[in-house]
Amino acid sequence: MNLSSDNVKDMQAESPAKESKETVADRIPKLPKNVHWAVKAIVEPFPEDRKEAMSLMALPFLGMLGGNARFLYRNQEVHHLGFECCLVGEQSIGKSALTRMQNVLISKVIEEDNETRRKSDEYADECIAAGEGTGKPKDPHYGTRIMMPSTTKAQFYQNIKNLNGKRAIIVCPEIDSLNVPNNWSRDGGANERLMFDTEVGGQDTKSHAGTSARVPVAVNLVTSGTPKAVKHHYRNAEDGLVTRVGFCSFPQDMNEEAEERPRSKKNLETLLKIQEILLSEKEGDVINIPQLKKQQVEWCAQQKTVSDASGNQSISTFRKRAAVIGFRAGCVLFLLDGRKLTRKALEFAIWVSEYVLYFQLKYFGEQMNESIEENAQMMQVPVFARNANAWVFCKLPGMFCYGNVEEAYTQIGMKATGYRMVVSRWIRNGWVEKVDKEHFRKTATGVQVGNMMGREAS
């Protein structure tokens, strides 16, 4: 692995994840101040209050462009650059910015697809001219990388098969348009889950005239829609689909009068450079970026501590794929920097994870917690019984010190790793107040919470 000296001169042996915030963001995470050059170029025309959302929504396009690359994650998992992102907003709020970004960010693919469609039309004309005779031309099996939202399931798999491993993308400006009969997505979300992980899917037919294909579903997805339409599409928080999607929205207090600026010639040249770098990637050996992987794994572990300390079990569920999405975002920037890892790429990867987690919790956290509660009741396992940090809180006296916390962990056979962070979270929750450097006192709210959790545990 190479580290670019200009951005990582002072990089420590420790991962930057250890310096990140101790808790899930209470506000929408802001882009790093000194953002990566590619991200800066992509969002340059957009008003300041929309740059975070557009940075996230660019990922499926970038992942499609660099779709031939593969990367090593934890447990020897091989990851492709699969992204699914959804912009949530009321009508006439500016979601059409996605189309304008698409037109310049993947312009080379648009040109290639237009040429492919021209050849496909010529083939169709030749077939019509040949009629039913023996002179009918052989099917060239053309495939386009930009697939229409209205694609049927048969067309979906046939096109992926024709692309011979190239990654495709579906851009759906109105997510409710996917809810039509025989649409590729009308399968309970199965295809959308396969797309995120690039797993094998397909269908078998007995008729030679039908589509028979078993292929890696190498497709990225960009959607947008009103809150009601998005909620209707993602009905079930438990089926694993919403954990794979990066949701976002423009701030409620954004300046609606602010205008999107035209792109300069220099900016368009930078976007062409981005396309050329990513499209030049060839499928080869799996790329290993150990420091990026370490950072994301550590961030993921930190969110488990936050989940336990707060009692919010949905954090524990959402954090894993939020870390994956951030990892893949870092991989994209790694490619754009000439296969060198920079501090800016690491910072952007963490930001993506925090941003994705924030909106997953905002839109589906309550629903996920309800599902966790229902499953726990069905399995006759109290949710609280799995929450070691909450158990420790109940067992602590009204006035306690760090030594009491460590002793409580020891009693249940656990190492007290990260307990200072846990106490810090209790203070933020208003459950505990600081007496001095080493001593703490449960507040009235903390006593109530402890009594409630204690009854659940019993």
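Atom set for the values below is all heavy atoms of this structure, side chains included, hydrogens, waters and symmetry mates excluded.
Aromatic pair H36/F348: ring centres not closer than 6.0 Å. Y142 and Y123 have their aromatic ring centers separated by at least 6.0 angstrom.
Between Y73 and F327, the ring planes lie tilted relative to each other; the angle falls in the 30° to 60° range. Between F247 and F364, the ring planes lie tilted relative to each other; the angle falls in the 30° to 60° range.
Side chains of T226 and Q91: no donor on one and acceptor on the other come within 3.5 Å. Side chain to side chain, N312 and N369 meet the donor-acceptor criterion of an N or O pair below 3.5 Å. Side-chain atoms of E192 and H233 include a donor-acceptor pair closer than 3.5 Å. With hydrogens and angles left out, the side-chain atoms of T198 and R167 include a donor and acceptor closer than 3.5 Å. Looking at T152 and Q155, their side chains do bring a donor and an acceptor atom within 3.5 Å of each other. Under the 3.5 Å distance criterion, with hydrogens and angles disregarded, a donor-acceptor pair is assigned to the side chains of Y363 and S249.
When side chains are defined from C-beta on, M254 counts as touching I93, because their heavy atoms get closer than 4.5 Å. Taking the side chain as every heavy atom from C-beta outward, I169 and F61 approach each other to under 4.5 Å. Within the 4.5 Å cutoff, the side chain of N191 has no heavy atoms near those of the S185 side chain.
The cationic group of R328 lies under 6.0 Å from the six-membered ring centre of F196 and within 45° of the ring axis, placing it in a cation-pi geometry.
Shortest non-hydrogen contact noted between V245 and Q360 is O-NE2, 3.0 Å.
One finds a salt bridge joining E115 and R118 here, because a Lys/Arg side-chain nitrogen approaches an Asp/Glu carboxylate oxygen to under 4.0 Å.
Remark: side-chain polar atoms of N68 are not paired, donor with acceptor, to backbone N or O of L279 under 3.5 angstrom.
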